[in-house]
Amino acid sequence: MVPFAYFTAPLAVGAISAALAALISVTDKIVNNYGDIDVAINDGKKELTIKGGQPLLFGLAEEGIFIPSACGGRGSCGTCKVQVSTDIGPVMPTELPFLEKKELEEGIRLSCQIKLKQPLSIAIPEELFNVRDYIGIVERINDVTHDIKEVYVKLPDDTDVTFVSGQYGQFEVPPYDKVKEATMRAYSMSSPPSDTKHLEFLIRLVPGGIVTTYVHTNLQEGQKIRVVGPFGDFYVRDTDMAMICVAGGSGMAPFKSIFQNRIDDGTINDRDIWYFFGARTKKDLFYLDWLYELDRTYERFHFIPALSEPQAEDEWDGPTGLITEVLGSYLQETIPTEQAKEGYLCGSPGMLDACMAVMQQHKMDPERIYFDKFA
Amino acid sequence: MSAAPVLNPFSLFFASIFTSNILLANFLGMCSFISISKDGKSSNGLGFAVTVVLGITSAVNWAVLHFVLIPLQLEYLRYIVFIITIAATVQILEMIIDRVSQALYMSLGIFLPLITVNCAILGVSLFIDIRAYTFVQSVIYGVGSGLGWWLAIAALSAIRKKTDKSPVPAGLKGPGITMITIGFMAMAFMGFSGMLQVQ
């Protein structure tokens with residue numbers, strides 16, 4: 001036997017494997033080449049041409065349309081739902097756990113599981129057209145209370161962000177300490193839509209929170225930060241009913257944006273606004289000067305801060321008690337019972353549920369109570 | 001290794017389906033046979049997939065054996081090489097089916113990767129070597145064995161549909177009665193073996 005004999009076996013196996021691997025990749029190139037696929041969105045309001053063969057979710061993201069997805073296309077969160085009106089075959093077993101019977105009938109699919117193979121016609125919520133992926137720069141970080149920071153992010157020069165007051169953005173922080181991957185959390189914009197070059201967030205320190213801890217300990221002015229948005233359906237409905245707004249802590253954010261927006265477009269005095277803000281002690285209150293000034297300037301704007309545990313040194317002479325109690329007494333005594341009202345709530349789940357109960361006790365229509373619950 | 005047995009193609013085809021049924025005579029490919037036969041529709045899907053994969057891999061593995069392994073005196077590598085070609089074939093097949101027919105992909109999709117580790121597939125390739133089949137014989141034997149496997153799983157799933165509703169003693173419900181059923185089926189198929197022998 002020639003000395004090479006020792007090598008024939010590994011070489012042969014290697015050559016066969018290599019040939020098969022080459023064959024697989026050639027097949028993949030030929031078979032998975034679907035060319036460019038036309039995708040019509042919302043009855044042709046937007047027509048896209050996307051490279052085929054990839055999941056719809058990624059194809060849309062390439063074209064700047066971001067379907068909300070928490071798991072990044074792994075098919076484990078079930079949030080990237082879109083309505084598909086083209087017949088693209090039966091629902092995959094990987095989609096089934098996330099789709100309810102009604103959704104199946106409406107042709108709702110998970111966009112991360114559908115491959116772009118043929119021209120598609122899909123429907124997505126209109127506001128997703130505005131969702132963008134921004135790399136901004138932290139321009140300013142202010143401490144507004146002992147545990148809430150105001151983070152002001154400057155967006156790239158060529159952007160004009162479009163959102164509605166009350167919507168939120170996904171704020172991403174890089175890996176740090178023991179956190180191994182970039183983490184996103186949703187925060188409401190506190191800046192008004194008129195400021196199209198910046199987004200502002202109010203971020204309260206939550207003990208053990210990945211993003212809040214980073215923002216409070218590591219985030220620096222001048223740092224680059226990724227923000228995806230806007231998302232959400234918490235916005236002011238266009239009616240002339242009285243707005244009963246209740247917030248606690250960083251739940252201030254959407255209302256700051258909403259009130260500033262109404263000042264900007266001159267509608268602040270068009271309807272009655274009652275803004276209840278709950279805090280424990282005086283050091284948890286913020287933006288007081290601005291809100292008291294609104295209260296003085298605009299006849300129909302009423303600001304009611306309430307402390308649940310006022311300290312002796314607070315010298316507090318305003319309403320005391322849980323915000324639900326204060327809200328209840330105002331609905332009972334101050335705000336006219338016969339006036340039609342809408343509820344707007346932003347805060348912790350416990351506070352929201354309690355406020356919802358109080359509002360319903362006072363005959364407010366649960367269909368007209370809108371909320372943004374901290375998850 | 002003996003010389004290629006002189007067999008007429010039709011006999012070989014018939015034998016591989018009935019008298020030497022890969023499942024009921026050689027007891028290969030039992031795992032998916034037992035688990036999938038619960039459901040008639042899936043059984044037919046898997047049976048079809050096994051037939052297609054067997055037809056292709058028997059041809060590919062015959063070529064690899066005669067053009068690579070035997071000339072290089074590397075027949076002892078056939079186990080590993082056959083497994084590699086089977087895995088690659090299944091992979092390619094999956095891509096092609098995904099492209100060509102969504103409906104077929106949906107019904108086979110989850111079974112195709114399963115087939116890679118189905119011992120009936122490897123068994124057929126090894127029999128091709130042991131029995132020194134020619135190329136044509138190999139393909140006939142491959143497709144025939146696939147059809148035989150399909151026939152067996154279709155039959156078993158039909159029987160299981162009956163036994164599910166039959167008064168089976170509690171301790172034998174499910175896998176127990178299935179194993180007994182398979183035993184009876186194997187005995188029934190043994191009745192064919194007097195007609196032809198291909199061992």
Side-chain angles (χ1 to χ4, degrees), chain A residues 1-37 51-56 75 84 86-97 99 104 107 109-110 113-120, chain B residues 36 39 41-42 45-46 53 56-57 59-114 116 121-122 125 129:
Chain A
M1 282 259 256
V2 283
F4 293 118
Y6 296 110
F7 300 107
T8 37
L11 277 178
V13 174
I16 291 172
S17 307
L20 290 168
L23 193 63
I24 289 178
S25 75
V26 168
T27 318
D28 187 44
K29 277 272 177 313
I30 299 169
V31 171
N32 271 339
N33 180 8
Y34 292 89
D36 290 337
I37 307 285
K51 194 169 151 285
Q54 57 182 340
L56 177 63
V84 180
T86 316
D87 180 20
I88 52 164
V91 177
M92 305 269 204
T94 44
E95 295 173 83
L96 274 176
L99 299 172
L104 288 171
R109 306 287 297 258
L110 293 192
Q113 298 298 310
I114 312 175
K115 238 166 135 185
L116 278 165
K117 293 180 183 177
Q118 52 181 325
L120 280 184
Chain B
I36 304 297
D39 172 49
K41 212 176 147 204
S42 302
L46 186 63
V53 172
I56 296 172
T57 55
V60 174
N61 281 340
W62 184 90
V64 170
L65 180 70
H66 286 266
F67 295 126
V68 183
L69 298 185
I70 291 179
L72 292 174
Q73 295 176 317
L74 291 174
E75 283 159 280
Y76 64 91
L77 284 176
R78 62 192 171 208
Y79 291 91
I80 190 166
V81 171
F82 286 174
I83 286 287
I84 295 172
T85 52
I86 290 168
T89 309
V90 170
Q91 185 73 49
I92 291 171
L93 202 65
E94 188 176 359
M95 287 193 285
I96 293 174
I97 294 177
D98 184 15
R99 176 70 197 246
V100 176
S101 163
Q102 187 66 25
L104 189 61
Y105 181 73
M106 291 296 300
S107 59
L108 292 188
I110 48 173
F111 299 123
L112 275 172
L114 242 145
T116 312
I121 313 278
L122 180 63
S125 289
D129 179 23

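In what follows, chains are A, B, ... by sequence order, proteins preceding strands, each numbered from 1.
Around atom NZ of Lys117(A), more than 12 heavy atoms belonging to other residues, nucleotides or ligands sit under 6.0 Å away.
Shortest non-hydrogen contact noted between Ala12(A) and Leu74(B) is CB-CD1, 3.4 Å.
Note: Asn32(A) CG to Met95(B) CE = 6.5 Å, rounded to the nearest 0.5 Å. For the atom pair CD1 of Ile92(B) and OG1 of Thr27(A), the computed distance is 4.0 Å after rounding to the nearest 0.5 Å.
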Contacts table for residues 60-69 of chain B: side-chain donor-acceptor under 3.5 angstrom, sequence neighbours left out:
from, atom 1, to, atom 2, distance (Å)
Asn61(B), OD1, Thr85(B), OG1, 2.4
Asn61(B), ND2, Ser125(B), OG, 2.7
Trp62(B), NE1, His66(B), NE2, 3.1
Trp62(B), NE1, Tyr133(B), O, 2.9

Under 3.5 Å, which donor-acceptor pairs link side chains of residues 13-26 of chain A to any protein atom two or more places apart or in another chain?
from, atom 1, to, atom 2, distance (Å)
Ser17(A), OG, Val13(A), O, 2.8
Ser25(A), OG, Ala22(A), O, 3.1

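Using a 4.5 Å cut-off between heavy atoms, Ile96(B) touches chain A through backbone and side chain atoms alike. Of the atoms belonging to Ile84(B), heavy atoms from both backbone and side chain fall under 4.5 Å from chain A.
Between the side chain of Arg99(B) and the backbone N or O of Asn33(A) there is at least one donor-acceptor pair closer than 3.5 Å.
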